[in-house]
Amino acid sequence: MAMVKQIAPALMGLFVLVVPGAAHADITGTIDATITLESGCIINGANAADGAGSADFGTLDFGTETTLFSQASAQVTGAGAGITVQCTAGVTPNLVFQTGLHDANASGAGNKAMQHSSTTTQYVSYNLLRDDDATVINNGDSVALSNDGSEQTIAVNGRAYGAAGLIAGTYNDIVTVVLEL
């Protein structure tokens with residue numbers, strides 16, 4: 001009988017092991033994914049959303065000349081030569097050139113002016129020119145671009161004009177450019 005008492009608890013342990021536990025069911029669910037896309041453009045390699053401000057349309061650097069120079073030429077450079085623009089397909093972008101900070105002080109052949117960095121009464125006049133280097137870009141002039149979504153490069157050059165009495169130093173201007181979508 002002592003042996004039955006020892007076997008009975010051992011069999012009960014086996015019985016407990018064999019008895020299946022509570023049933024488990026898989027839980028299925030979903031992940032909702034969403035994205036909202038806006039029209040936009042890549043200007044000189046930088047992504048700009050529709051309505052963004054402070055885009056970098058490039059630099060026009062005439063280099064170093066003496067105060068006695070007659071003319072200096074340069075090309076607007078961004079990510080490369082010219083202004084590169086790629087916009088959402090279906091959007092017809094229009095590149096509009098507006099005023100510079102010192103246009104009212106332009107003289108001679110130039111319609112824009114760069115101001116001396118410390119002697120604010122000194123200016124060097126210049127023009128922005130289209131890729132043919134003969135067509136002056138005036139305030140409000142625009143360049144219509146393709147609406148096919150391709151990258152386009154707009155060549156914009158500049159010509160600075162020397163004048164009597166210029167003093168040595170750095171001259172600067174900032175021209176506003178708007179990409180209308």
Side-chain angles (χ1 to χ4, degrees), residues 38-88 91-147 150-181:
E38 297 178 329
S39 294
C41 298
I42 297 173
I43 301 167
N44 291 331
N47 202 343
D50 190 1
S54 302
D56 182 1
F57 286 95
T59 301
L60 180 63
D61 185 350
F62 291 102
T64 302
E65 299 285 338
T66 71
T67 58
L68 304 173
F69 85 104
S70 59
Q71 287 187 12
S73 295
Q75 183 176 44
V76 172
T77 57
I83 301 169
T84 58
V85 176
Q86 180 180 12
C87 292
T88 302
V91 171
T92 304
N94 194 37
L95 191 63
V96 182
F97 295 87
Q98 297 184 341
T99 60
L101 292 177
H102 311 290
D103 289 358
N105 300 101
S107 63
N111 66 3
K112 298 198 174 300
M114 295 176 279
Q115 183 182 53
H116 191 276
S117 60
S118 61
T119 306
T120 59
T121 57
Q122 290 284 305
Y123 297 91
V124 172
S125 294
Y126 73 101
N127 285 322
L128 295 177
L129 305 165
R130 281 301 312 248
D131 50 7
D132 63 6
D133 232 14
T135 305
V136 173
I137 298 172
N138 293 302
N139 295 339
D141 284 355
S142 63
V143 177
L145 304 174
S146 172
N147 68 352
S150 66
E151 182 178 272
Q152 300 164 73
T153 301
I154 302 89
V156 177
N157 299 312
R159 185 168 298 124
Y161 303 96
L166 291 174
I167 63 172
T170 302
Y171 293 75
N172 298 293
D173 190 25
I174 298 173
V175 176
T176 300
V177 179
V178 175
L179 185 62
E180 296 175 340
L181 303 180

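Given the structure is predicted, the values throughout are model-derived calculations rather than measurements.
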*Has the side chain of Asn127 got a donor or acceptor atom that lies under 3.5 Å from a matching backbone atom of Leu129?*
no

_Quick check for you: to the nearest 0.5 Å, what is the distance between Thr77 atom OG1 and Asp61 atom CG?_
7.5 Å

*What are the two closest non-hydrogen atoms of Glu65 and Phe62, and how far apart are they?*
OE2-O, 4.2 Å

*Could you tell me which non-hydrogen atom of Val76 sits nearest to which non-hydrogen atom of Gly58, and how far apart they are?*
CG1-CA, 4.2 Å

_Nearest heavy atoms of Gly169 and His116, plus distance in Å_ = CA-NE2, 3.4 Å

*Under 3.5 Å, is there a donor-acceptor pair between the side chain of Tyr171 and the main chain of Ala168?*
no

*Is the backbone of Val124 close enough, under 3.5 Å, to the side chain of His102 for a donor and an acceptor to pair up by distance?*
no

*State whether the side chain of Ser125 and the backbone N or O of Ser107 hold a donor-acceptor pair below 3.5 Å, judged by distance alone.*
yes

*In sequence, state the C-alpha distance, the side-chain angles, and the governing distance for Gln98 and Asn139, and then conclude on side-chain contact (heavy atoms from CB on, under 4.5 Å).*
CA-CA 5 Å; Gln98 297 184 341; Asn139 295 339; 5.8 Å; no

*Does the side chain of Val175 come within less than 4.5 Å of Thr99's, by heavy atoms?*
no

*Verdict with reasoning, Leu179 to Cys41, per side-chain contact (heavy atoms from CB on, under 4.5 Å)*: CA-CA 9 Å; Leu179 185 62; Cys41 298; 3.6 Å; yes

_How long is the straight-line distance from CD of Glu38 back to CG of Leu181, given to the nearest 0.5 Å?_
11.0 Å

*asked:* Can you confirm whether Val85 sits close enough to Glu151 that some side-chain heavy atom of one is under 4.5 Å from a side-chain heavy atom of the other?
replied: no

_When you measure from the side chain of Asn44 to the backbone of Phe57, do you find a donor-acceptor pair of N or O atoms at a distance under 3.5 Å?_
yes

*If every non-hydrogen atom of Pro93 is compared with every non-hydrogen atom of Ser146, which pair is closest and at what distance?*
CD-O, 3.5 Å

*So do the side chains of Leu145 and Thr92 get within less than 4.5 Å of each other, counting heavy atoms only?*
no

*Sidechain-backbone polar pair: Gln115 side chain, Thr120 backbone, donor-acceptor under 3.5 Å*: yes

*Answer yes or no: is there a donor N or O on one side and an acceptor on the other, between the side chain of Gln75 and the main chain of Ala81, under 3.5 Å?*
no

*Drop me the distance from Gln122's CD to Asn105's CG, to the nearest 0.5 angstrom.*
11.0 Å

*Looking just at side-chain N and O atoms, do Tyr161 and Gln71 make a donor-acceptor pair shorter than 3.5 Å?*
no

*What is the minimum heavy-atom distance between Thr88 and Ser39, and which atoms define it?*
OG1-CA, 3.4 Å

*asked:* The test is side-chain contact (heavy atoms from CB on, under 4.5 Å); show your working for Phe97 and Val143 and say whether it passes.
replied: CA-CA 9 Å; Phe97 295 87; Val143 177; 4.1 Å; yes

*Donor-acceptor pair, side chain of Thr119 and main chain of Thr121, under 3.5 angstrom*: no

*Do Leu128 and Leu60 have side chains that get closer than 4.5 Å, going by heavy atoms?*
yes

*Heavy-atom pair of closest approach, residues Ile43 and Ala55*: CD1-CB, 3.9 Å

*Are Asn157 and Asp133 close enough that a side-chain donor and a side-chain acceptor fall under 3.5 Å?*
yes

*Ignoring hydrogens and geometry, is there a side-chain-to-backbone donor-acceptor pair from Asp173 to Leu101 under 3.5 Å?*
yes

*Does Thr84 reach the side chain of Gln152, with side-chain heavy atoms less than 4.5 Å apart?*
no

*asked:* Checking side-chain polar atoms at under 3.5 Å, does Tyr126 have a donor or acceptor matched by the opposite partner on Asn111?
replied: no

*Show the numbers, then the answer: is there a side-chain contact (heavy atoms from CB on, under 4.5 Å) between Ile167 and Thr67?*
CA-CA 6 Å; Ile167 63 172; Thr67 58; 5.7 Å; no

